[in-house]
Amino acid sequence: MKSQYRPYDLEEQVQQRWTEQCAFRAVEDPGRRKFYCLAMFPYPSGRLHMGHVRNYTISDVIARYQRMRGLNVLQPMGWDAFGLPAENAAIENGVPPARWTRENIAAMRRQLQRLGYAYDWQRELDTSRPTYYRWEQWLFTRLLKRGLVYRKETVVNWDPVDQTVLANEQVIDGRGWRSGAPVERRRVPQWFLRITAYTEELLAGLDKLPGWPEAVRTMQRNWIGRSEGVDIEFEVAGAEQPLTVFTTRPDTLMGATNLALAPEHPLVQEAARDQPELQEFLKECQRGGVAESALRTMEKKGLPLRRHALHPITGERLPLWVANFVLMTYGTGAVMSVPAHDQRDWEFAKSHDLPIRPVVFPTDKEPNFEEGAYTEPGRLRNSGPFDNMTSSRAGAAIIKRLEQEKRGRKRINYRLHDWGISRQRYWGCPIPILYDAAGHPRPVPTEDLPVRLPEHLTPDGHRSPLVDCEEFLSVNTQDTATRRETDTFDTFFESSWYYARFCCPDSDTTMLDERVRYWLPVNQYVGGVEHAVLHLLYARFFHRLLRDEGLVDGDEPFTHLLTQGMVLKDGAKMSKSRGNTVDPDDLIQRYGADTVRLYMMFTAPPEQSLEWSDSAVEGANRFLRRLWRRVWEHVQEGPMPGRPSSNTLLNQEQRDLRRCIHQTIAKADDDIGRRYTFNTAIAAVMELLNALSKRKNRHSPEDRALNQEGLETCVLLLAPIVPHLSEVLWNELGKEGMVIDAAWPRPDPQALLKESLELVIQVNGKLRARIQVATNATEEEARAAALSDRKVQHALHGGTPKRFIFVPGRLLNIVLPPTTESPP
RNA sequence: GCCCGGGUGGUGGAAUUGGUAGACACAACGGACUUAAAAUCCGUCGGCGAAAUGUCGCCAUGCCGGUUCAAGUCCGGCCCCGGGCACCA
């Protein structure tokens with residue numbers, strides 16, 4: 001064994017041994033318990049960044065830990081290969097997205113391999129290959145048959161100069177990112193997936209996911225946004241159809257003073273026909289992007305329609321307004337405006353001089369409606385027959401009356417709306433639809449799938465090159481009138497089912513085969529918090545689609561979810577688009593992959609964001625060098641001793657060290673297996689190594705045996721985190737075989753026993769002394785010991801304790817009666 | 001604007017169920033070794049005050065208030081930072 005730790009050759013040799021043995025090949029074995037560990041697969045953006053390294057290291061540590069615990073582990077890796085950045089690169093460099101993507105995949109695969117992740121590379125998949133995307137085209141046609149796909153018009157960001165649809169990301173301050181032209185909203189027909197058919201199930205399922213972070217479940221719940229309320233119909237003067245609004249506050253109906261409609265609402269469009277200033281306003285509303293954040297932060301503006309509706313109970317005339325803050329996509333695209341009890345309505349009323357009519361009052365105070373709306377429930381006034389009722393009773397009474405008069409009905413409204421999956425982009429999976437001469441759509445017959453994306457095209461920043469690609473557009477030479485759909489799928493489509501395809505990536509006769517029934521669900525999914533809603537909700541939706549297609553069992557795709565925090569640099573997310581990435585290759589070159597992995601896991605707990613620091617990497621490397629040195633010194637002392645067989649022959653100091661070893665095992669197991677706090681597990685091993693380092697001069701057979709046990713423990717506990725170094729040290733410690741096949745250690749209960757412990761003594765909640773007591777000391781014994789302690793007596797000032805609070809094994813708090821001491 | 005997180009020494013963080021605030025590191029400083037440097041090893045390291053040897057007291061977990069024998073942890077109100085908001089992935 002060399003005296004110095006040199007990671008460079010060591011890591012390559014260990015990786016070679018793993019490869020030769022096909023060490024991470026996952027094979028279905030019904031006789032063994034499986035563990036499917038998955039990290040969110042990367043978009044091949046070019047190079048790995050530290051966010052990737054963090055993500056994949058966390059997942060790898062869990063996978064290797066579960067393997068050492070004896071489970072049959074599957075950990076695959078693949079590429080989310082379709083997406084916008086490939087088109088941007090093409091525009092900039094003139095390189096076809098296919099080539100750019102494949103080159104990136106090759107580079108990033110090499111980087112991942114250098115980091116020593118325990119992947120089954122035979123299962124690698126690339127979503128931009130027809131072998132993958134043909135199955136989502138197949139699924140799409142199945143869903144079409146089941147009525148879960150439909151076409152409707154929606155608004156997109158339109159760049160009038162570049163003549164192209166823009167992603168929200170490409171809209172900067174309401175302007176196109178390349179042209180700088182003000183972005184317009186344009187209506188285009190798009191394909192939708194009926195995710196709303198599964199709303200209640202997706203919502204209820206959240207309660208059955210105890211392995212998911214509460215924050216993610218809350219976000220999904222809020223995203224789905226179930227709210228119970230009532231549809232109220234208002235008769236509109238001169239219109240055949242009544243105007244329907246949705247409200248969750250029927251108790252405030254008597255306080256409604258106007259109705260506000262979204263700019264896209266049909267009644268508004270109709271009114272605009274003969275009102276030029278309204279047309280002008282709507283044109284203004286067309287400007288700016290379609291992102292909800294943009295809509296919500298706009299200055300609240302509105303215009304009267306010069307029409308009115310009738311209040312369903314009083315018959316009063318309520319003016320109709322168009323308001324830019326009313327969203328056509330939520331509810332009915334129209335709201336009843338109750339300025340006294342809704343803050344947004346209040347602000348709108350104030351700026352447009354509309355009346356404020358308070359009808360709900362708290363019982364304990366009189367709100368000032370000049371300062372703002374009163375939005376809490378209360379007791380009704382100014383409400384005719386509903387006066388003096390509470391909000392909940394009044395709401396029920398108003399609903400009952402509206403229902404009797406057929407002017408309203410209870411309804412549950414959701415914020416969640418159907419998933420628009422069409423993208424006017426080239427580098428994506430073609431939507432398998434054909435249009436006849438009249439423009440009527442029909443699905444591509446199953447036997448004609450896949451619809452292959454021509455890979456030689458290069459987008460130029462204007463419309464999708466598919467639109468001009470005759471070879472793609474025409475189905476066959478006989479039928480020139482039939483044209484292909486040129487839109488491609490949202491790339492979330494690919495990432496919604498890849499976790500299942502990893503079970504059988506080579507299946508070429510079905511989308512998923514029987515192997516999914518062994519591996520699914522994913523036991524541990526690891527990925528960024530930024531995916532808490534969209535990706536994770538779509539995957540849950542897809543799993544149900546696949547289930548109803550008979551392809552998978554169970555309702556949920558991921559049993560446990562770990563959402564890692566961002567890797568930040570200079571306070572901002574480390575990402576390619578921000579250009580503040582750190583390349584892991586430089587660090588691996590200098591310190592080795594193990595140091596990079598250790599640094600990532602030690603610097604912060606996985607769920608927290610991690611502020612990047614170059615200097616802290618040094619410390620991680622130093623620890624590994626120290627561990628190497630300790631093993632080297634131990635090896636130099638002579639042949640490997642056995643482990644100590646029991647505690648009986650050990651002296652007090654040796655028993656303390658042995659307890660430290662086994663406490664470290666217990667803590668590391670809990671930290672890695674239950675808490676996912678890898679940083680504290682590493683700190684515990686560092687403490688153990690410090691304890692071992694302090695006893696360099698102990699060479700008795702018992703001490704050698706203890707050192708052996710201590711060092712073996714360090715190596716085993718670190719094996720999931722620094723796997724290369726651990727393999728080598730494992731063999732240097734005289735162990736046969738590979739550490740990946742070694743069993744995860746278990747603490748020896750006998751070694752953990754303690755005869756005495758430190759008890760904290762507080763006086764009035766302040767720490768005053770620490771005393772040693774027997775482990776099983778009673779409260780009486782603890783009190784007696786505490787009261788005879790010099791420091792405690794000093795702190796008591798001769799006072800008589802009023803009560804004692806005893807927390808066994810932790811503390812004794814002595815409470816004195818309040819002093820009548822006069823201030824100095 | 002709405003939803004979800006976070007805020008603890010010079011820095012990253014620890015404190016797991018309301019029970020010893022600052023584990024483990026980084027940086028810095030002092031020392032040993034060395035011709036020198038690197039590496040390594042030893043020590044100091046929240047603030048203020050009193051001691052001068054082990055000490056002792058007070059303050060301190062973004063801010064203000066509350067509950068409790070006891071609050072970084074629970075409750076109410078605020079401030080700041082990060083993530084998401086349906087076409088970035």
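Below, chain A is the first sequence line, B the second, and so on; all start at residue 1. Quick note: numbers below take in every heavy atom, side chains included, and nothing from hydrogens, waters or symmetry partners.
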The side chain of [X] is closest to which nucleotide in this list: [options]?
X: N813(A); options: C88(B), A89(B), A70(B); answer: A70(B)
X: K766(A); options: A14(B), U20(B), C59(B); answer: C59(B)
X: V760(A); options: G1(B), U20(B), A86(B); answer: U20(B)
X: A167(A); options: G13(B), C41(B), C87(B); answer: C87(B)
X: V156(A); options: C87(B), U16(B), C69(B); answer: C87(B)

Taking only residues two or more places apart in sequence, or in another chain, which ones meet [X] in a side-chain contact (heavy atoms from CB on, under 4.5 Å)?
X: A262(A); value: E264(A), V326(A), M328(A)
X: D789(A); value: A769(A), I771(A), K791(A), V792(A)
X: E371(A); value: N368(A)
X: Q772(A); value: S756(A), E758(A)

Query raised in the report: If only side-chain N and O atoms of T491(A) are considered, is one of them under 4.0 Å from the OP1 or OP2 phosphate oxygen of A89(B)?
Result: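 Looking at the OP1 and OP2 atoms of A89(B), one of them is under 4.0 Å from a side-chain N or O of T491(A).
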
Query raised in the report: Is the shortest side-chain N/O distance from R625(A) to OP1 or OP2 of U40(B) below 4.0 Å?
Result: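 Result: yes.
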
For nucleotides 51-57 of chain B, which of its nitrogen or oxygen atoms have a protein nitrogen or oxygen under 3.5 Å away, and what is each distance?
residue	atom	partner	partner atom	Å
C56(B)	OP1	K791(A)	NZ	3.1

Query raised in the report: Between the base of U16(B) and the side chain of R674(A), is there any donor-acceptor pair under 3.5 Å?
Result: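 Checked by distance alone, the answer is yes.
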
If I take atom [atom1] in residue [X] and atom [atom2] in nucleotide [N], what distance separates them, rounded to the nearest angstrom?
X: E611(A); N: C81(B); atom1: CD; atom2: P; result: 15 Å
X: R54(A); N: G83(B); atom1: CZ; atom2: P; result: 14 Å
X: I224(A); N: G84(B); atom1: CD1; atom2: C1'; result: 15 Å
X: R47(A); N: A89(B); atom1: CZ; atom2: P; result: 22 Å
X: L811(A); N: A71(B); atom1: CG; atom2: P; result: 12 Å

Report task. Starting at the 5' end of nucleotides 22-31 of chain B, put B wherever the base has a protein heavy atom under 4.0 Å, S where only the sugar-phosphate does, and a dash everywhere else. Result -> -BBSSS----

Report task. Determine the stems involving RNA chain B; a stem requires 3 or more consecutive pairs of the Watson-Crick or G-U wobble kind, each with both distances below 3.5 Å, and the answer is none if no such run exists. Result ->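 So the stems come out as B:1-7 with B:79-85, B:10-12 with B:24-26, B:28-32 with B:40-44, B:46-50 with B:55-59, B:62-66 with B:74-78.
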
Query raised in the report: Among all residues two or more places apart in sequence or in another chain, which pass the salt bridge (Lys or Arg N to Asp or Glu O under 4.0 Å) test with R217(A)?
Result: E214(A)

Query raised in the report: Excluding sequence neighbours, so at least two apart, what forms salt bridge (Lys or Arg N to Asp or Glu O under 4.0 Å) with R626(A)?
Result: none

Report task. Using the P atoms only, state how far G72(B) lies from G62(B), rounded to an integer number of Å. Result ->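 Between the two P atoms, the distance is 10 Å.
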
Could [X] and [Y] be called an ion pair, given the rule that one side-chain N must be under 4.0 Å from one carboxylate O?
X: R344(A); Y: E347(A); value: no
X: E618(A); Y: R622(A); value: no
X: E292(A); Y: R415(A); value: yes

Query raised in the report: Do D418(A) and T196(A) have a side chain donor and acceptor closer than 3.5 Å?
Result: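 Their side chains do contain a donor-acceptor pair, which is all the 3.5 Å distance test asks for.
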
Query raised in the report: Quick check: does any side chain N or O of Q762(A) sit under 3.5 Å from a backbone N or O of N764(A), one acting as donor and the other as acceptor?
Result: no

Query raised in the report: Between Y132(A) and D126(A), what is the shortest heavy-atom contact and its length?
Result: CB-O, 3.7 Å

Query raised in the report: Of V533(A) and G83(A), whose closest RNA chain B nucleotide lies nearer the 5' terminus?
Result: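 Closer to the 5' end of RNA chain B: V533(A).
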
Query raised in the report: If you find the nucleotide of RNA chain B closest to Y538(A) and the one closest to N764(A), which residue's nucleotide is nearer the 5' end?
Result: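 Residue closer to the 5' terminus by nearest nucleotide: N764(A).
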
**Report entry** Stacked pair H535(A)-A89(B), distance under 5.5 Å, angle under 30°
**Finding:** no

Report task. Under 4.0 Å from any atom of RNA chain B, heavy atoms only: list the residues of residues 421-429 of chain A that qualify, in numerical order. Result ->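 Only S422(A), R423(A), Q424(A), R425(A) qualify.
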
What nitrogen or oxygen pairs link the protein and nucleotides 2-4 of chain B at under 3.5 Å?
residue	atom	partner	partner atom	Å
C3(B)	O3'	N222(A)	ND2	2.7
C3(B)	O2'	N222(A)	ND2	2.9

Query raised in the report: side chain to side chain donor-acceptor pair (under 3.5 Å) with D162(A): which residues, sequence neighbours excluded?
Result: none

